[in-house]
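Every number for a ligand or one of its atoms is a count from 1 in the order of the listing.
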Amino acid sequence: MNLKKLGWNNNLEENIKKSHICRDNVGRVIFHSGKQYKLISKDGELIAHLSNSYLNSIESKSELPSVGDWVYFKQIDKFRPPQILKLIPRKNKLSRKVSGEKTEEQIIASNIDIVFIITSANQDFNIRRLERYLTIINEINAHPIIILNKIDVCKNYKKYINEIDKNLPNVTKLPISAKTSENIEEILQIIKPGNTIVLVGSSGVGKSTLINNLLGYNRQAIDETREKDCKGRHITTSRELIMLPNGGMLVDNPGLRELQLWSSESGISKTFEDINELSRHCRFSDCFHDTEPGCAVKKAVDQHKLSQKRLDSYKKLLREQEYLDKRRNTYERRKKDKQLGKMYRKVLDIQRLKGKKQ
Ligand SMILES: Nc1nc2c(ncn2[C@@H]2O[C@H](COP(=O)(O)OP(=O)(O)O)[C@@H](O)[C@H]2O)c(=O)[nH]1
Ligand SMILES: [Mg+2]
Ligand SMILES: [Zn+2]
């Protein structure tokens with residue numbers, strides 16, 4: 001197996017050199033379930049287990065290897081599967097807040113080059129949702145590409161393309177049909193050997209159909225039952241790195257329905273560069289673009305140079321970010337308090353033991 005085809009690069013090479021890790025002992029996570037990890041290495045696929053030393057060394061779940069991560073593994077004795085000993089630092093990671101009340105990070109995939117944002121040319125299409133995806137992707141410095149699918153059943157799909165042009169300038173977009181293979185060639189040209197690509201988008205937009213088309217056989221389950229309401233169900237149950245025949249790797253996604261921002265400060269400013277640029281001309285540097293006098297952003301809205309909806313969307317994402325930052329800070333402080341408590345009790349125990357001995 002050629003490691004470069006799996007995404008290996010100079011940065012990673014430098015990294016293992018510094019840690020004196022041999023290239024024979026690095027693998028990329030294709031899939032995992034609990035402590036069991038399916039890796040692909042120079043010598044092909046193998047199953048490895050997370051070592052106890054790894055588990056003991058981490059402070060939060062986000063430090064566990066996830067799909068797309070590079071890890072250092074070793075066969076310690078021949079009676080046990082190879083052990084994962086270390087995580088090789090990630091270039092980036094796509095994460096979300098775990099669903100529900102907890103403010104904890106859940107990693108979807110790591111070391112990502114490109115994200116395909118799939119939408120379909122029907123009622124699924126929603127500029128605000130695309131903006132949200134873009135914010136998250138820009139934050140992690142991956143290259144976003146909007147894919148407008150199902151153009152075979154939409155006579156006037158150009159109106160969606162115009163909408164993208166108008167609202168999301170400078171974003172690469174591609175109209176396709178995963179079913180009839182229209183423009184599939186262009187997608188294949190985008191994907192270079194060694195590229196890691198994550199597919200995001202609501203369920204039913206055709207992510208699995210597109211993957212099957214690119215692979216040339218039916219690997220991913222497709223839900224035909226709800227085709228009429230265009231919604232689809234989540235039937236992709238596990239996340240996995242899928243190798244394409246011409247090189248390149250894809251990650252299909254189960255359940256991104258409630259995709260929430262995790263960290264996205266720079267992602268917001270990159271996605272809303274136009275608003276950022278305008279705000280430099282506001283009279284007050286901390287202008288909320290609300291009722292302040294001399295607001296250049298509001299002026300642009302009045303002059304129809306910027307849509308009110310885009311401004312609302314920008315503010316909404318900022319508010320969400322702020323709320324999440326606060327919650328995360330509280331969560332992290334509580335975690336630290338817990339750790340301190342644990343340490344304190346340990347010290348007390350040791351002192352007590354010492355006392356007994358004397
Ligand atoms: N007409 C048409 N239907 C498609 C296309 N791509 C996917 N579909 C249909 O959309 C439904 C959901 O597709 P699926 O790949 O399961 O979506 P996923 O939830 O995003 O993985 C299925 O009924 C597919 O046959 C397309 O390009 N054109
Ligand atoms: Mg699917
Ligand atoms: Zn302003």
Side-chain angles (χ1 to χ4, degrees), residues 108-109 115-126 129-130 133 146-157 160 174-187 197-240 242 250-259 269 272 274-303 305-306 308 310-312 314-315 318:
I108 293 162
V115 181
F116 286 167
I117 308 170
I118 324 272
T119 174
S120 31
N122 57 31
Q123 60 267 42
D124 174 75
F125 187 89
N126 180 324
R129 183 159 0 95
L130 294 178
Y133 281 128
I146 298 178
I147 295 185
L148 181 71
N149 189 30
K150 307 199 186 183
I151 60 171
D152 56 305
V153 281
C154 178
K155 276 197 197 97
N156 187 17
Y157 73 83
Y160 296 110
L174 194 60
I176 67 153
S177 166
K179 207 164 203 169
T180 64
S181 295
E182 207 171 333
N183 288 343
I184 290 291
E185 259 318 299
E186 298 193 22
I187 293 201
I197 296 141
V198 175
L199 282 80
V200 299
S202 321
S203 65
V205 294
K207 297 181 294 298
S208 300
T209 309
L210 174 61
I211 290 184
N212 288 344
N213 192 316
L214 295 172
L215 281 172
Y217 65 91
N218 288 344
R219 183 188 190 283
Q220 303 298 93
I222 308 228
D223 183 15
E224 300 290 352
T225 56
R226 295 185 59 186
E227 170 60 358
K228 284 204 179 68
D229 61 10
C230 303
K231 283 215 175 81
R233 276 179 299 158
H234 290 295
I235 50 171
T236 309
T237 49
S238 60
R239 203 171 302 130
E240 212 169 314
I242 302 166
L250 304 175
V251 185
D252 194 356
N253 260 299
L256 263 188
R257 204 191 299 248
E258 15 83 60
L259 184 76
S269 42
F272 295 91
D274 50 344
I275 298 183
N276 263 348
E277 181 55 41
L278 284 168
S279 64
R280 282 195 201 113
H281 305 284
C282 291
R283 188 176 305 162
F284 303 106
S285 60
D286 58 350
C287 183
F288 283 114
H289 322 307
D290 198 11
T291 50
E292 294 89 342
C295 172
V297 176
K298 281 303 243 185
K299 193 171 150 197
V301 173
D302 290 342
Q303 294 174 341
K305 286 180 186 156
L306 171 72
Q308 180 66 44
R310 183 164 166 84
L311 178 58
D312 291 344
Y314 168 75
K315 286 187 182 174
L318 276 182

**Q** Suppose we screen for side chain to side chain donor-acceptor pair (under 3.5 Å). Which residues come up paired with R280, at least two apart in sequence or across chains?
**A** E277
**Q** If we only count N/O pairs under 3.5 Å, is V153 in contact with ligand 1?
**A** no
**Q** With heavy atoms only and a cut-off of under 4.0 Å, state how I222 meets ligand 1: side chain, backbone, both or neither.
**A** both
**Q** Checking side chain to side chain donor-acceptor pair (under 3.5 Å) against T119, which of N126, N149, D124 comes through?
**A** D124
**Q** Do T209 and ligand 1 have an N or O pair less than 3.5 Å apart?
**A**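 Such a contact does occur with ligand 1.
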**Q** Over all heavy atoms of both residues, which pair between D290 and K298 is shortest? Give the atoms and the distance, please.
**A**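 Looks like O-CE, 3.3 Å.
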**Q** Any nitrogen or oxygen of A178, side chain or backbone, less than 3.5 Å from one on ligand 1?
**A** yes
**Q** Grab the two heavy atoms, one from Y157 and one from A121, that are nearest each other, plus how far apart they are.
**A**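 Scanning both residues completely, I find the closest heavy atoms to be CB-CB, 4.2 Å.
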**Q** Relative to ligand 1, is V205 under 4.0 angstrom through side chain, backbone, both or neither, heavy atoms considered?
**A**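 V205 to ligand 1: contacts from backbone and side chain alike.
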**Q** What protein N/O/S atoms are found closer than 2.8 Å to the Zn ion (ligand 3)?
**A** C282 SG, C287 SG, H289 ND1, C295 SG
**Q** What pair of heavy atoms forms the shortest contact from H289 to C295, and how long is it?
**A**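 Looks like CA-SG, 3.5 Å.
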**Q** I want to confirm something. Looking only at heavy atoms, which of C154, S181, S208, G206 is nearest to atom 21 (O) of ligand 1?
**A** S208
**Q** For Y314, give me all partners under ring pair (Phe, Tyr, Trp, His ring centres under 6.0 Å), at least two apart in sequence or on another chain.
**A** F272
**Q** G201 near ligand 1, heavy-atom distance under 4.0 Å?
**A**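 Flag not set, G201 not near ligand 1.
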**Q** Can you list everything that forms a salt bridge (charged side-chain N to carboxylate O under 4.0 Å, His left out) with D274? Sequence neighbours excluded, please.
**A** R310
**Q** With heavy-atom distances below 4.0 Å as the criterion, list the atoms of ligand 1 near S203.
**A** 19 (O)
**Q** What I want to check is whether the side chains of N183 and S177 have a donor and an acceptor closer together than 3.5 Å.
**A** no
**Q** Around Q303, counting heavy atoms of other residues, nucleotides and ligands shown, do more than 12 lie under 6.0 Å from its CD?
**A** yes
**Q** Treating K207 as the side-chain partner and G201 as the backbone partner, does any N or O pair qualify as donor plus acceptor under 3.5 Å?
**A** yes
**Q** Specify whether an N/O/S atom of S208 falls short of 2.8 Å from the Mg ion (ligand 2).
**A**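 Given the 2.8 Å cut-off, S208 counts as a ligand of the Mg ion (ligand 2).
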